[in-house]
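Structure in structure tokens, see below.
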Protein chains: 2
Amino acid sequence: MMNIGEAAAASGVSAKMIRYYEETGLIPPAGRTGAGYRTYGPKEVQILRFVRRARDLGFPMEKVGDLLALWRDRSRASAEVRRLAEDQVAALTARIREMEEMKATLEHLVHACAGDERPDCPILADLGGGNCRT
Amino acid sequence: MMNIGEAAAASGVSAKMIRYYEETGLIPPAGRTGAGYRTYGPKEVQILRFVRRARDLGFPMEKVGDLLALWRDRSRASAEVRRLAEDQVAALTARIREMEEMKATLEHLVHACAGDERPDCPILADLGGGNCRT
DNA sequence: TATGGACCTTCCCACCATAGGAAGGTCAAC
DNA sequence: GTTGACCTTCCTATGGTGGGAAGGTCCATA
């Protein structure tokens, strides 16, 4: 049995976040020693690693909860899990595209900007003249 | 002179956010009518549009403040602005790459998953660190 | 002139996920 | 037995945005 600090080191999740995950119900409450210290075994550490990995893949907490539930349910169909993963791929794709667009616009502006000592700046001109309804 | 609602409609920035920007010092305090209503003219609306556009390009508030300062400074060198824009391109590039990596990993897992009624699921197996069930 | 509704004001709360810190208790090593 | 590293809870902040309550204002219409 480990302390929260050891569990944090073993799982890659900070002690702060472990307590937070417990508080929000993402993970079940840890056992306690007589003095009130949280205790963790290998099983709990595995759960924490699961959460960590899912977060690394960009899943929001809520989806991580769904994945955990499916993980615990031995009879779940893999199709459900796959759908969650596909949703996440779609979300990432959408977000990436948005940022690619921002980047392209900015690169265009940077390209048009002399970038020297002169105050003429197409970047500021663009920002100042953006067309919304006036 | 417009109300905050009209300025919001004209600039594309919500009234809530206009007040927030003012509160945090991003934009100067608006003028007030005798009754305490904020008033906005075309110049202020242009500033709001500037902010909106910069936020749309993914600049964090702090950088928007820098850009605004450069915008107001008629003698600024365009090189400074360009550097801010380039930094932002770099930030976007880094974030995009992170997300591309997440996406690639997930796509790999989705591809390996049968996605049928069987409980065998490589996605959960991966998340769990090799052991699908506890 | 009165009233109603659309606007404005300030203030507080919520989100998501994370980090920092203070105040106080506990454990283990020396 | 003291010291230092750990633990506990509780509060705060972040970045931007939205929601809403309680109360004031403005304008048009009945």
Side-chain angles (χ1 to χ4, degrees), chain A residues 1-27 29-41 44-45 48-68 88 91-92 95 98-99 102, chain B residues 1-27 29-41 44-45 48-68 88 91-92 95 98-99 102:
Chain A
M1 281 302 187
M2 325 170 166
N3 275 341
I4 198 172
E6 296 168 288
S11 66
V13 180
S14 74
K16 282 274 192 205
M17 290 316 296
I18 295 176
R19 294 191 196 99
Y20 173 72
Y21 291 155
E22 179 181 321
E23 187 195 324
T24 58
L26 181 68
I27 59 176
R32 300 282 184 139
T33 68
Y37 282 25
R38 288 176 180 83
T39 58
Y40 299 86
E44 284 72 34
V45 168
L48 289 171
R49 270 193 277 112
F50 183 105
V51 172
R52 171 71 204 275
R53 180 101 176 97
R55 298 278 313 131
D56 283 349
L57 288 173
F59 284 94
M61 295 251 304
E62 190 197 345
K63 301 290 178 181
V64 176
D66 295 346
L67 286 169
L68 270 176
Q88 176 60 11
L92 285 171
R95 189 76 192 107
E98 282 176 21
M99 293 203 302
M102 293 181 195
Chain B
M1 281 301 187
M2 325 172 166
N3 277 338
I4 198 171
E6 296 166 288
S11 66
V13 180
S14 74
K16 281 272 191 206
M17 290 316 296
I18 295 176
R19 294 192 196 99
Y20 174 72
Y21 291 155
E22 179 181 321
E23 187 196 324
T24 58
L26 181 69
I27 58 176
R32 299 283 185 140
T33 67
Y37 281 25
R38 288 176 180 82
T39 59
Y40 300 86
E44 284 73 32
V45 168
L48 290 171
R49 270 193 279 112
F50 183 104
V51 173
R52 172 71 204 276
R53 181 103 175 97
R55 298 277 313 131
D56 283 349
L57 288 173
F59 284 95
M61 297 248 307
E62 190 197 344
K63 301 289 178 181
V64 176
D66 296 345
L67 286 169
L68 270 175
Q88 176 60 12
L92 286 171
R95 189 78 191 105
E98 281 175 21
M99 293 203 301
M102 294 181 195

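Lettering follows sequence order; numbering is per chain, from 1.
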Heavy-atom closest pair, residues B:Leu48 and B:Val13
O-CG2, 3.6 Å
Going by the rule side-chain contact (heavy atoms from CB on, under 4.5 Å), which residues pair with A:Ala30 if we only count those two or more places apart in sequence or in a different chain?
A:Glu22, A:Arg38, A:Tyr40
What are the residues of residues 16-27 of chain A, sorted by number, that bring a heavy atom to within less than 4.0 Å of DNA chain C?
A:Lys16, A:Met17, A:Tyr20, A:Tyr21
For residues 54-66 of chain B, pull every pair meeting side-chain hydrogen bond (donor to acceptor under 3.5 Å, both in side chains), keeping only residues two or more places apart or in separate chains.
B:Arg52-B:Asp56
B:Arg52 CZ to D:dT17 P, straight-line distance once rounded to whole Å
9 Å
Could you check how far CZ of A:Arg32 sits from C1' of D:dC7, rounded to whole Å?
10 Å
Any side-chain N or O of B:Arg38 under 4.0 Å from OP1/OP2 of C:dT10?
yes
Not counting sequence neighbours, which residues clear salt bridge (charged side-chain N to carboxylate O under 4.0 Å, His left out) with B:Glu98? List them please.
B:Arg95
side-chain contact (heavy atoms from CB on, under 4.5 Å) for A:Met2 and A:Val45? Distances and angles first, verdict last.
CA-CA 9 Å; A:Met2 325 170 166; A:Val45 168; 3.7 Å; yes
Close side-chain approach of A:Gln88 and A:Leu57, heavy atoms under 4.5 Å
no
Return the polar atom pairs (N/O with N/O) between nucleotides 24-28 of chain D and the protein under 3.5 Å, or none.
unit_1: D:dG24; atom_1: N2; unit_2: B:Tyr37; atom_2: OH; d: 2.5
unit_1: D:dT25; atom_1: O4'; unit_2: B:Tyr37; atom_2: OH; d: 3.2
unit_1: D:dT25; atom_1: O2; unit_2: B:Tyr37; atom_2: OH; d: 3.4

Report the nucleotide, chosen from C:dC8, C:dC16, D:dC6, that has the shortest atom-to-atom distance to any side-chain atom of B:Ile4.
C:dC8
Value in whole Å for how far the P atom of C:dC7 lies from CD of B:Glu6:
10 Å
Take the protein atom OH of A:Tyr40 and the nucleotide atom C1' of D:dT8, then report the distance between them rounded to whole Å.
12 Å
Could you pull out all residues at least two apart from B:Phe50 that satisfy ring-ring contact (aromatic ring centres under 6.0 Å, His included)?
B:Trp71
Nearest heavy-atom pair of B:Ala8 and B:Ser14: which atoms, and what distance?
CB-C, 4.1 Å
